[in-house]
Amino acid sequence: MKITDIRFGMLRVPLKTPFKTALRTVEAVEDIVVTVHTDTGHVGYGEAPATAVITGDTHGSIVEAIRKFIAPRLIGQEIANLNHITQLIQSSLEKNTSAKAAVEIAIYDLFGQLYGAPLYKMLGGGDPVITTDITISVDYIDKMVADSLSAVDRGFESLKIKVGKDIGVDIERVKAIYAAVEGRALLRLDANQGWTAKQAVYAICMLEDAGVRLELVEQPVKAQDLDGMKYVTERVHTPIMADESVFGPTEVIDLIRMRAADIINIKLMKTGGISNAIRIADIAALYGVECMIGCMLETSISVAAAVHVAVAKANVITKIDLDGPSLCAFNPVDGGVIFNESEISITDAPGLGIREIRGLEALPA
Ligand SMILES: C[C@H](N)C(=O)N[C@H](CCC(=O)O)C(=O)O
Ligand SMILES: [Mg+2]
C-alpha cells in the first residue's frame, strides 16, 4: 500500500453551545480534514483544528505545512514502514504540531487498514470502551450550575469546569457547582493559564479549606511559567496537571524532572500526532506519572485517534477529556468510533473505521 496523494477539506460543525475558556470563545468547529490516498484505493483520514491561541497553528499554516513540507516527503512511501513515515513527518519542519498530527492520524488509520485491525489493537490492545468527562464553559455562575446539572443528568460523572477569568468569581463558581452536583460528579478545573501562581495557590487553598474536593486543577498559570507551575504544585494538596506547558516528549521529561506538575495532559494536536503521544505515555509510565488524554475543538475524526491511543495506553492514561464530539451539534462522520455522551466505544472496523465524512468542503490541492 503506497501513498499516492494527500488532499484537504474544510469541515464546519456548529457547537451545541458556545465554548468559552479563559483564552477564547468559539461557536463552531472549523477544522482542516486531511485525506491520504493510496495505490490500493484505501483512504486514511486525519483532522487538525486551528487552535492558534495554544498551538500557534492556523488554517493557512496547517495547509501550507502539509502541502509544502510534509506531503512531498510522503508520496510513494509504503504504509507498512510506519516508523519511517512518522520520522519523515516529525522531521519535515519545526513546530506545526497540528499539521503533523492530522497527517500522522491518517497514516495510522491506513496502517490499521493494511493489516485489517482496529488501530488500538495495532498499538497493543485494550478494553475498547472508555468514559469521558465534559467541559462546562466559563460563564455566569447560575449558567454554569445549570450546565453542570444538565451534564450530570445526561450521565456525565466527571465535569471539567473552565475557570481563570476572575479569581474571586472563580472560587464562587466552583463552590456553587460543587454544592449542586456533590456526590453525583467529580470536578476537574481548567484555568487555561488565567491565574498567577499566587492566585492559584490562594484559590485552590480556599476551595480545599471550604471542603470542595477537586480531582485536579489544569494549567493554572501561563504556559511558559514552569516555576509558577512548580510553585503551585508544591503548595496545594490538589493534583496539578500541565496542559499548555508541555507539547512534546522532551518538554514532558523536563517538567517531570522539575516536579512542576503531578499529571500530564496529552493532546495529539500538541504532540504532533500518535507517535509522540505514545512516547509521552511511555515516559510518564517510567516515572510513575499519570496522564490525561485531551482534545481541542475536534470532531470524531481526530478524537477517534485519541480514543484508540487512550485504550492502548490505559495503564498510564487514567483520565479522559475527549468531549469534542459531544460538544458538536452533529456528528459529520459515518463509521468510526461511537461517541454516546460519556461512553465512547471502538468497533472492530480496521484502522479508525471511518467510511465517509459528510459536508466536507474541498480545498485546492
Ligand atoms: C475540548 C476540551 N475539553 C478542552 O477543554 N480543551 C481545551 C482547549 C480547547 C480549545 O481551546 O480549543 C483545554 O484543555 O485547554
Ligand atoms: Mg486545558
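Just so you know, ligand 1 is whichever comes first in the structure, and atom 1 is the first atom listed for that ligand.
The pair Asp321-Arg188 fails the salt-bridge criterion, with no side-chain N (NZ, NE, NH1 or NH2) lying under 4.0 Å from an Asp/Glu carboxylate O. Salt bridge status for Arg12 with Glu361: present, with a side-chain N to carboxylate O gap under 4.0 Å.
No side-chain donor from either of Ser245 and Glu251 sits under 3.5 Å from a side-chain acceptor of the other. Using a 3.5 Å distance cut-off with no hydrogens or angles, the side chains of Glu157 and Ser342 do not pair a donor with an acceptor. Side chains of Ser91 and Arg73: a donor on one and an acceptor on the other come within 3.5 Å.
Closest to the Mg ion (ligand 2) among the N, O or S atoms of Glu218 is OE2.
Within 4.0 Å of ligand 1, contacts by protein heavy atoms are made from Phe19, Arg24, Thr51, Ile54, Thr135, Lys160, Lys162, Asp190, Asn192, Glu218, Asp243, Lys267, Cys295, Met296, Leu297, Asp321, Asp323.
In this structure, Arg259 CZ and Thr233 OG1 are separated by 11.5 Å, a value rounded to the nearest 0.5 Å.
Cation-pi check for Arg235 over Tyr231 is met; the charged atom lies under 6.0 angstrom from the ring centroid and within 45 degrees of its normal.
The OD2 atom of Asp190 and the OD2 atom of Asp243 subtend an angle of 180° at the Mg ion (ligand 2), given to the nearest 10 degrees.
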